[in-house]
Amino acid sequence: MKTHMALLFEEGVALKTRFKQHMMSIVDMQCSTTNAKGCYLALCQSELIGGGIPLQAELMLKETDGILTKCYEEIFSNDPEAILLGLDKNAKSNSLSLYTILKGTASMARSGAVKSELEYSVDTILAGIGLH
């Protein structure tokens, strides 16, 4: 996770490029042929609705679930380029949109989608929130 996160904070790199590199790093991991496909965290979080998960595990999953959205929201709220583009006005919604795509790519990777197919979704969501 640290490697993926570091891509968001590269100095001198455009905001769109930072997000694209970050998200594609995660998608690359999700589509890896040497590791389990998808994302174990996303799989476990989807089981929360059914109940039956120990409370401590549920709390840990919910806390972990918020890490990326909080980070994205912080960037959209404070990054000078994000502010210039007006992305700060919808920082919370923008962060949820990006995180939703990553949860979706995790599921799709488990279903056999390949990185090149999922890259289109990443590009589309970045453009959709205003990162052209």
Side-chain angles (χ1 to χ4, degrees):
M1 183 63 103
K2 287 183 182 183
T3 304
H4 307 304
M5 297 299 281
L7 295 168
L8 289 171
F9 300 99
E10 285 187 282
E11 298 212 12
V13 178
L15 185 63
K16 177 187 176 186
T17 303
R18 288 185 277 147
F19 270 110
K20 170 86 183 258
Q21 290 175 344
H22 162 77
M23 294 177 76
M24 289 309 299
S25 175
I26 293 170
V27 169
D28 188 49
M29 175 196 63
Q30 293 169 341
C31 292
S32 172
T33 56
T34 58
N35 298 315
K37 290 186 176 259
C39 173
Y40 187 68
L41 179 62
L43 291 171
C44 291
Q45 288 166 338
S46 67
E47 295 299 320
L48 288 175
I49 195 73
I53 292 179
L55 180 60
Q56 186 176 3
E58 180 179 339
L59 294 174
M60 183 187 74
L61 287 167
K62 287 180 178 179
E63 179 183 330
T64 304
D65 196 36
I67 291 172
L68 268 184
T69 53
K70 288 176 187 171
C71 178
Y72 294 166
E73 187 175 352
E74 187 86 13
I75 292 169
F76 287 128
S77 296
N78 299 307
D79 185 272
E81 187 178 352
I83 293 168
L84 183 66
L85 294 169
L87 299 173
D88 57 320
K89 293 173 180 54
N90 293 311
K92 189 171 187 162
S93 295
N94 290 336
S95 68
L96 180 60
S97 294
L98 296 186
Y99 191 54
T100 299
I101 284 294
L102 289 174
K103 282 198 166 192
T105 57
S107 176
M108 293 306 295
R110 268 192 100 64
S111 298
V114 296
K115 181 180 173 182
S116 60
E117 295 171 325
L118 300 175
E119 186 171 10
Y120 181 81
S121 297
V122 170
D123 288 337
T124 300
I125 196 63
L126 290 173
I129 66 168
L131 283 169
H132 303 277

Output every pair passing side-chain hydrogen bond (donor to acceptor under 3.5 Å, both in side chains) with a member in residues 122-132, not counting sequence neighbours, ordered by first then second residue. K20-D123
d(S25 OG, Q30 CD) to nearest 0.5 Å is 10.0 Å
If you define the side chain from C-beta out and look only at heavy atoms, does anything of L68 sit under 4.5 Å from L98? no
Side chains of T100 and K103: does their closest heavy-atom pair fall under 4.5 Å? no
What's the spacing between D28 CG and L118 CG if we round to 0.5 Å? 11.0 Å
Parallel, tilted or perpendicular: ring planes of Y72 versus F19, cut at 30 and 60 degrees: perpendicular
Are the side chains of E117 and M108 in contact, using a 4.5 Å heavy-atom criterion? no
Locate the shortest heavy-atom distance separating V114 from C31; write the atom from each residue and the value. C-SG, 4.0 Å
Any salt bridge (Lys or Arg N to Asp or Glu O under 4.0 Å) pairs touching residues 69-79, not counting sequence neighbours? R18-D79
Under a single-linkage definition using a 4.5 Å side-chain heavy-atom cutoff for Ile, Leu, Val, Met, Phe, Trp and Tyr, are L96 and F76 assigned to the same hydrophobic cluster? no
Give, for atom CG of L102 and atom OG1 of T69, the distance between the pair rounded to the nearest 0.5 Å. 11.0 Å
Heavy-atom nearest pair, C71 first then L8, reads SG-CD1, 3.9 Å
Under 4.5 Å between any side-chain heavy atoms of L131 and L87, yes or no? yes
Measuring from atom NE2 of H22 to atom CD1 of I75, what distance do you get when rounded to the nearest 0.5 angstrom? 7.5 Å
What are the two closest non-hydrogen atoms of S97 and I129, and how far apart are they? CB-CG2, 4.3 Å
When rounded to the nearest 0.5 angstrom, what is the spacing between CE in M29 and OG in S32? 9.0 Å
Of the non-hydrogen atoms in M24 and V122, which two are nearest, and what is the gap between them? SD-CG2, 3.9 Å
Output the distance between atom NZ (K115) and atom OG1 (T105), rounded to the nearest 0.5 Å. 12.0 Å
